[in-house]
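One structure is given below, encoded as structure tokens.
These figures come from a predicted structure and were not determined experimentally. Index from 1, following the sequence.
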Amino acid sequence: MSAWLPAAPCTPQRCAGHGGASRTPPHAALLLLTGCLLTLLGVLALPLVPLLGTHRRDRLVSGWAYAVVRGFGVRVRVTGRPAGGARPRPGELVVANHISWLDVLLVASVFPARMVAKAEIRHWPLLGPLAALGGTLFVDRDRLRTLPGSVRAMAGALRGGSRVAVFPQGSTWCGRGPGGPFRPAAFQAAIDAGAAVRPVRISYRTTGPDEAGAAAFVGDDPLTASLWRVVTAAGLTAEISVLPPLPAGSGPGRRALARAAQRAVDSDSANRPAASVHH
């Protein structure tokens, strides 16, 4: 088990599946094609993105990420108040629970940011090159000695005014119950940079009895199998709850800050904001 990316007990056999209403194979295949084409469009357009100003770039990335999620047939519901206007200086560390590969796109649709991801994603088809070109900070989960360097890179990005997004549970969890604890390393980067921490809660709902199984991407589940489950599940809705930011000095250290962020995310499941924004 890696200290940076621990293994979750969730497995595809136990946790991933869909028992509710399903789309027909032709409809699902059309959605799969649409989502993949929109992803490819992002890859092709990405070299031009640095030529845009910060505000236009963020709007473009946000709109593209939302379009890809919708292209795969997933509805999106956002609660809370996404931060608007200019980026904070120094940047903001966005932390969220982790259930699916969809999470990356969902966070980007609300908070365009430099993502922190496991090194294996660099080699994924389409999404890997897109992540690399987009400035993703890759971490090697099997080499603990690389962790200090990863924290320094995150802190440097935050000091430079970038928003950085990370899933501090270190692995995907199926979403049926509490996930793993938030690992404290990323929070040290926020403390070093004097950056605020923005907790975000992600959940998935369908019309069937199994709420999160269609979106769950856990264990050794092949990406192709997960993609097909997502496009097949009728009525799949991703819910993003944006929570109030935590100042980096809100606790005596990175562990306290990690616990505060996790409490905010865990407690939100029982206390959803009344106001909502529908994309």
Side-chain angles (χ1 to χ4, degrees), residues 1-8 80-83 87-99 103-104 106-108 110-119 121 131 134-173 175 178-203 240-269 271:
M1 177 180 294
S2 166
W4 173 262
L5 192 61
R81 280 187 168 182
R87 289 174 181 265
R89 293 291 189 270
E92 185 176 59
L93 181 69
V94 179
V95 297
N97 60 308
H98 203 10
I99 298 172
D103 301 344
V104 175
L106 292 170
V107 170
V110 180
F111 292 108
R114 295 188 66 180
M115 294 285 176
V116 178
K118 59 183 180 180
I121 290 178
T136 296
L137 300 168
F138 293 104
V139 297
D140 190 337
R141 61 181 177 177
D142 296 323
R143 296 184 180 180
L144 182 59
R145 66 176 180 271
T146 66
L147 182 55
S150 298
V151 172
R152 286 194 296 272
M154 292 171 60
L158 291 167
R159 287 193 195 97
S162 294
R163 212 181 256 131
V164 175
V166 64
F167 301 101
Q169 288 173 321
S171 181
T172 50
W173 301 68
F182 280 13
R183 312 291 288 188
F187 296 89
Q188 183 63 51
I191 292 172
D192 292 346
V197 175
R198 171 76 67 169
V200 174
R201 178 177 175 81
I202 298 173
S203 59
I240 313 165
S241 187
V242 179
L243 306 172
L246 303 170
S250 62
R254 63 181 183 272
R255 296 184 186 279
L257 190 56
R259 287 194 295 268
Q262 183 166 22
R263 282 195 301 269
V265 169
D266 290 346
S267 64
D268 180 69
S269 61
N271 300 285

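- In this structure, the separation between OG on S162 and CG on L93 is 12.0 Å, given to the nearest 0.5 Å.
- Contact between V197 and A261 at its shortest, heavy atoms only, is CG1-CB, 4.5 Å.
- Although no hydrogens or angles enter the test, the distance criterion places a donor-acceptor pair under 3.5 Å between the side chain of Q262 and the main chain of G180.
- Side-chain contact between F187 and V95: present, with at least one pair of heavy atoms (C-beta onward) separated by less than 4.5 Å.
- Listed here is the closest heavy atom pair of G253 and I191: C-CD1, 3.6 Å.
- The minimum heavy-atom distance linking R159 with A193 is given by the pair CG-CB, 3.7 Å.
- Applying the side chain to side chain donor-acceptor pair (under 3.5 Å) criterion to N97, with sequence neighbours excluded, gives no partner residue.
- Residue F167 is tested with V107, T172, V116 for a side-chain contact (heavy atoms from CB on, under 4.5 Å); the sole match is V107.
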Check against side chain to side chain contact (heavy atoms under 4.5 Å, CB included), D192 and M154 = CA-CA 10 Å; D192 292 346; M154 292 171 60; over 6 Å; no
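- Counting heavy atoms from C-beta outward, V242 and V110 have side chains that approach closer than 4.5 Å.
- Heavy atoms only, all atoms of each residue included: P244 and R198 are closest at CA-NH1, 4.1 Å.
- Nearest heavy-atom pair across R114 and A157 is NH1-CB, 3.9 Å.
- Across all non-hydrogen atoms, the minimal contact from L246 to A260 is CD1-C, 3.9 Å.
- In this structure, CD1 on I240 lies 9.5 Å from CZ on F111, to the nearest 0.5 angstrom.
- Taking CZ of R183 as the start and CD of Q188 as the end, the distance is 15.0 Å to the nearest 0.5 Å.
- Between the CE atom in M115 and the CG atom in D103 there is a gap of 9.0 Å [rounded to 0.5 Å].
- Side-chain atoms of L137 and V166, non-hydrogen and from C-beta on, never get closer than 4.5 Å to each other.
- The main-chain N or O of A96 is never found under 3.5 Å from a side-chain atom of R201 such that the two would form a donor-acceptor pair.
- In terms of modelled atom types and a separation under 3.5 Å, the side chain of E92 and the main chain of A196 share no donor-acceptor contact.
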